[in-house]
Structure formats: C-alpha cells, structure tokens
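Data first, discussion second: the structure below is written as structure tokens.
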Amino acid sequence: MIVLGVESSCDETGLALYDTNAGLLSHALYSQVAMHEQYGGVVPELASRDHIRRAIPLLEQVLHEAALTRDRIDAIAYTQGPGLAGALLVGASVACGLGLALDKPVLGIHHLEGHLLSPLLASDPPAFPFIALLVSGGHTQLMRVDGVGRYTLLGETLDDAAGEAFDKSAKLLGLGYPGGPAISRMAEFGDPLAYKLPRPMLHSKDFNFSFSGLKTAVLTVVKNHPGNVCEQDKANIARGFVDAMVDVLVAKSLSALKHTGLNRLVVAGGVGANRQLRAALDAAGLKKRFRVYYPELEFCTDNGAMIAFAGGLRLAQDPTLAVRNYAFNVRPRWPLAELGAPRA
Ligand code: KG4
Ligand code: ZN
C-alpha cells in the first residue's frame, strides 16, 4: 500500500510517499524558518499561508521522485494535531481534497505519534517495548511504548518544552530563531566551569520536567552581565545552558528505564538532533547497558515521512480506519494519551 503523508502542524511543510512493503519512496520538505526568523518566532497566519503555497508543488515533487502518478496513492495520512490550528487546516484540507478527488481513504495522525514512531524508519529499528524521550519545540515527555497506539505517559514538562527553552535562551543570547542548533554550536566553544545553571527537578522522584527556571537563569545571567555579552561569554552561557538541559534529560531518561526495567531508549523530536544530548545518552547507554535509538537526522524535526509511516502502520493494523470521509476537523490541542491502540 502506498501512503501519502502530509505534515503542516507548524513551520514546515512536509510530504512523503511511503510504501508499506518497499519502505520510504520519497519525501520533500519546505522549511519556513527564513520567513519567521525576522519576527523571532513563528507567525501563525504567515505559516498557514505559506503551507498553502508549498503543499501542491511538494506533492508534485514527491510523485516525480518516486516516478508515480497520483492515482497510485492508496491512502492519505495527514497531521490532524496538535499544532497551529490554521496550519493544520491547510494540511487537512489538502489531504481531504486529494482523497475526494482520487476516491482514496484519508486518515488523521497525531503529530507526536509520528515523532514517536520515526526511529522505526531507520535501517536498524528498535523492537517494542521501549522508552521514548520526546523532546520537541512544543513537547517534552517520557513515554513507555508497548506497540503502535499503546503509549503510557510517564512524565512531561510542567511548563516550557525543551525546544522552547532552547529557542527562548538562544533569543536572550541574540542567536536568532530557531535557537536550538545555534545554541548547541555556540556551546561547543564554551567553558563548562564558567556558569553552573540550575537543573530543575533533577531530584524530584517523578518523570516530570520544568525548564522555565533554566530559561530565567539565562535571563538573569544576561541581565546582570556588566556591559555587552562578548562572544566568549555567550559561548560560556550557552555551554552552561546545554549542560544543565542535557543533565536533566539524561537523568530522567535513566530513571524511566530503571523504573520500567526496559533497556531500549528512543529519542524523538527536534531536540533529539542535539549533538550534546546524543553524546551524553550514548555514554550513559554504554555505562548502564541500554541502547539508544535515534531517527535519521532529517526525520528528527518535523517531516512528512513520519506521518506517512505512522499512517501506514495504523492502516496495516486496522484496515477499518481506511474510511472515505472527507469532512475534516483538526485538533490543535490533542493529548497523546487519548489515542487508542488499533484493533488487533
Ligand atoms: O520536532 P520539531 O521540529 O517541531 C516541533 O514539533 O516542535 O522541534 C523543533 C525544536 C525547536 O525548538 C528547535 O530549536 C529544536 O527542536 N532543535 C534543536 C536542535 N535542532 C532542532 N534543539 C537543540 N539542538 C539541536 N540541534
Ligand atoms: Zn514536531
């Protein structure tokens, strides 16, 4: 079965064709980062309008790369939520319009389920069950994953998401948007002893996180800094921030593994691309004998492949989901725990 995936929940338009037998056929992405950069963050209305411009050309591109015509698509999966309402509506209407025109079933997918399952797209995928550390711009969660649709939330952030803390701290340091990759690069040149920033909730006996205090600590350092923050100081603060963030994410992941007795950790979401986090988790894995799985770098951040893939898995397990109902609604707020397991 060939599934078209459509992702438009935030500032990336992603389309992909996934063959449930042959694997990923093609995928294409347009990132709106350059457009939003001048505003220091995503402007929802501009995001929606740009998704409209990009969706169909990207569809043509993935069809061309896979050497397929539209009629070869068997089903269409689109991100139904969570995300920006207007942006989601564009993907949903494109998917449902195409479904109606082609007389093919359409299926709404939870964006975080896409991220959660994205490491299964890799050549050496993890087996179930595993612990998933989901760290994106909007979410920070630790989940136990027993199978497709069988997700148990162990803990989550009580305030800012990890990616949000990266972006806000980078902004305070004048590093532009999105700040994650920039602050990570800057941290490489920083002195780890210069600033010891707080590690919020490191010793709380649960799997929850809190990052707004860490961001405020960056703000306080910047505010109290005499004169302009020079490049070396920026690097030192970035280093202090990244070290604190990584310490907390690693410690909580370790306790989730210990608590469940599992030895596979999957890292998904944009912050999963962070090299310091990867290095620290790999080192902990060697020491404590667990294995860490990451999606391919290009599938860490938002993309259409993970949506096509999740759609394919869902349809394979429950063919009754393949309905030709083209009246769509999006779910900007949609707790992952509300997702049911597919019927056996
Ligand atoms: O998963 P994603 O593409 O979108 C959401 O669903 O939110 O994640 C985007 C987030 C942004 O906050 C971005 O700054 C962060 O992931 N990010 C990184 C890195 N690459 C992306 N954070 C730290 N280090 C990186 N290398
Ligand atoms: Zn995402």
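Positions are given from 1 along the sequence.
Ring geometry, F309 versus Y18: the interplanar angle exceeds 60°, so the pair is classed perpendicular (tilted spans 30 to 60°). The aromatic rings of F209 and F211 sit parallel to each other, their planes meeting at less than 30°, with 60° as the upper class boundary.
Classification of D282 and R278 as a salt-bridged pair fails, no side-chain N sitting under 4.0 Å from a carboxylate O.
Side-chain atoms of E65 and H27 include no donor-acceptor pair closer than 3.5 Å. D159 and S210 are linked by a side-chain donor-acceptor pair at a separation below 3.5 angstrom, with hydrogens and angles left out of the test. For the residue pair S255 and K205, no side-chain donor N or O sits within less than 3.5 Å of a side-chain acceptor on the partner.
The aromatic ring centroids of F128 and F130 lie less than 6.0 Å from each other. Note: Y195 and F241 fail the aromatic proximity criterion, with ring centroids not under 6.0 Å apart.
H111 pairs in a side-chain hydrogen bond (donor to acceptor under 3.5 Å, both in side chains) with only one of the listed residues (R331, H139, E7), which is E7.
Checking side-chain atoms of K104 against main-chain N and O of I73 turns up a donor-acceptor pair under 3.5 Å. In this structure, H115 contributes its side chain and L134 its backbone to no donor-acceptor pair below 3.5 Å.
In terms of heavy atoms, S93 sits closest to V90 at OG-O, 3.0 Å. Counting all heavy atoms, side chain and backbone alike, L24 lies closest to A305 at CD1-CB, 3.8 Å.
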